[in-house]
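When reading the values below, keep in mind they use all heavy atoms of this one structure, side chains included, and skip hydrogens, waters and symmetry mates. Below, chain A is the first sequence line, B the second, and so on; all start at residue 1.
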Number of protein chains: 2
Amino acid sequence: MRIALLGGTGDIGEGLALRIGRDTDHEVLIGSRDPEKAREAVADYEDELTSRGVDATIKGFVNEMATDRADIVVLSVPPYYAGDTVEAVADSLDAETILVTPAVGMQGDEDGLHYHPPGVGSVTELVAQRAPDEVPVVGAFHNLAAGALSDLDTELDLDTLLVADDDDAKSTVRNLTTEIEGLRALDAGPLANAAEVESVTPLVINIAKYNNDMHDVGVKWV
Amino acid sequence: MRIALLGGTGDIGEGLALRIGRDTDHEVLIGSRDPEKAREAVADYEDELTSRGVDATIKGFVNEMATDRADIVVLSVPPYYAGDTVEAVADSLDAETILVTPAVGMQGDEDGLHYHPPGVGSVTELVAQRAPDEVPVVGAFHNLAAGALSDLDTELDLDTLLVADDDDAKSTVRNLTTEIEGLRALDAGPLANAAEVESVTPLVINIAKYNNDMHDVGVKWV
């Protein structure tokens, strides 16, 4: 498959690009609003993978072109750009392109981070609402620590939760997730259950803040 | 210490009574609105512990009397009773009594359970608001699977998150938690961070619903 990471120059995008590049045979397409930025990120990721003896195919494009070429499009953009990014690439999406959203709305104060979803209930549901009707949307990769994900020296042993209304799309994303070493995908139900999944993201950051011996906190459901 | 479990005839109360009775030297006081119900629960718990060769001290009282005698009071009541229960026992609370709240507001529909906090933001904060000002409040034991907790044949390996504004009270509850075999306490910050902790409870129930091989789901932060 071809997997586009829109906002693939950011931290979750970097981690997914490196892990998918190292652990799977899929082709990674880095998308950015600025094609030059995408190409620079590609060069960095290829250097990192080559230094580890991995020969992965990564290419850089503007978001629309990356989306047009992809089987799975991951919206690894900040939450406040998620809706607009979907609309910007909408013409390149179709029923055969799975749209994956890992973004979470949060607000910080002196106590820590707090879950701050959009009015529709969750960023995941916002993305589904803004995407063309026929495009299957899957919420995934919400609660992964970006630092651990992008450091290939870190052996992962983490769970990620999937929400989707389309079982085939969910199954495809589950298979992709399972190909990444140390990641397990669990089903959290339909898109309507996304808020409880997303709200774990500020929580893992709060746990890292308040427990001195914990960094890059992730989660295992047992 | 003396630990009162108000609503100690329910499932989380049962689990905490059995685990504290088996794993610690603290005295367990079962509280109920109906003293007869409290005494019946005590008889059941003592039978269960005796059958395992454990000689634990458990006593049953009406909630007010259990609170009056206790160093730690756990509000193991349904969320919609939490505020009223605090007010019912308020005269028996004081600055030396730690009030612990594990309750979570949830609503179910065909998709699963959804987090449904009271207007003040979380049940934990509601309890703090309804308690006399000088009483230290700690949120704890929110995300424990009641079935696993109350089955002493199940070896736990679970985390529970603590939220409190009073560091001494948090530390006391942390020590109690750590005495229960297989439970680890992590700090999630002040009471203002309770909502993200509470919202994990519907999530673990949704994970159990949508993954056939998972039951009594709990969580480890890694």
Enquirer: Report yes if some heavy atom in the side chain of A:Asp151 is under 4.5 Å from a heavy atom in the side chain of A:Asp216; otherwise report no.
Expert: no
Enquirer: What distance separates A:Asp44 CG from A:Glu46 CD, expressed to the nearest 0.5 Å?
Expert: 10.0 Å
Enquirer: So, B:Arg174 and B:Asp167, do they make that salt bridge, N to O below 4.0 Å?
Expert: no
Enquirer: How long is the straight-line distance from CG of A:Leu144 back to CG of A:Asp11, given to the nearest 0.5 Å?
Expert: 11.0 Å
Enquirer: Most heavy-atom pairs under 4.5 angstrom with chain A, which of B:Asn193, B:Val204, B:Thr201?
Expert: B:Asn193
Enquirer: Go through the atoms of A:Asp157 and report whether side chain, backbone, both or neither lie under 4.5 Å from a heavy atom of chain B.
Expert: backbone
Enquirer: Which of the residues B:Ser199, B:Pro190, B:Ala188 is involved in the greatest number of heavy-atom pairs with chain A at under 4.5 angstrom?
Expert: B:Pro190
Enquirer: Chain A: which of B:Ala148, B:Pro202, B:Ala145, B:Ala192 shares the most heavy-atom pairs with it under 4.5 Å?
Expert: B:Ala192
Enquirer: Would you mind checking which part of A:Leu191 comes under 4.5 Å of any heavy atom in chain B, side chain (CB onward), backbone (N, CA, C, O), both or neither?
Expert: neither
Enquirer: Specify which of B:Asp111, B:Val219, B:Asn206, B:Asp109 makes the most heavy-atom pairs with chain A at under 4.5 Å.
Expert: B:Asp111
Enquirer: Before accepting this row, confirm whether a basic side-chain N of the pair A:Asp159/A:Arg184 lies closer than 4.0 Å to the acidic partner's carboxylate O.
Expert: yes
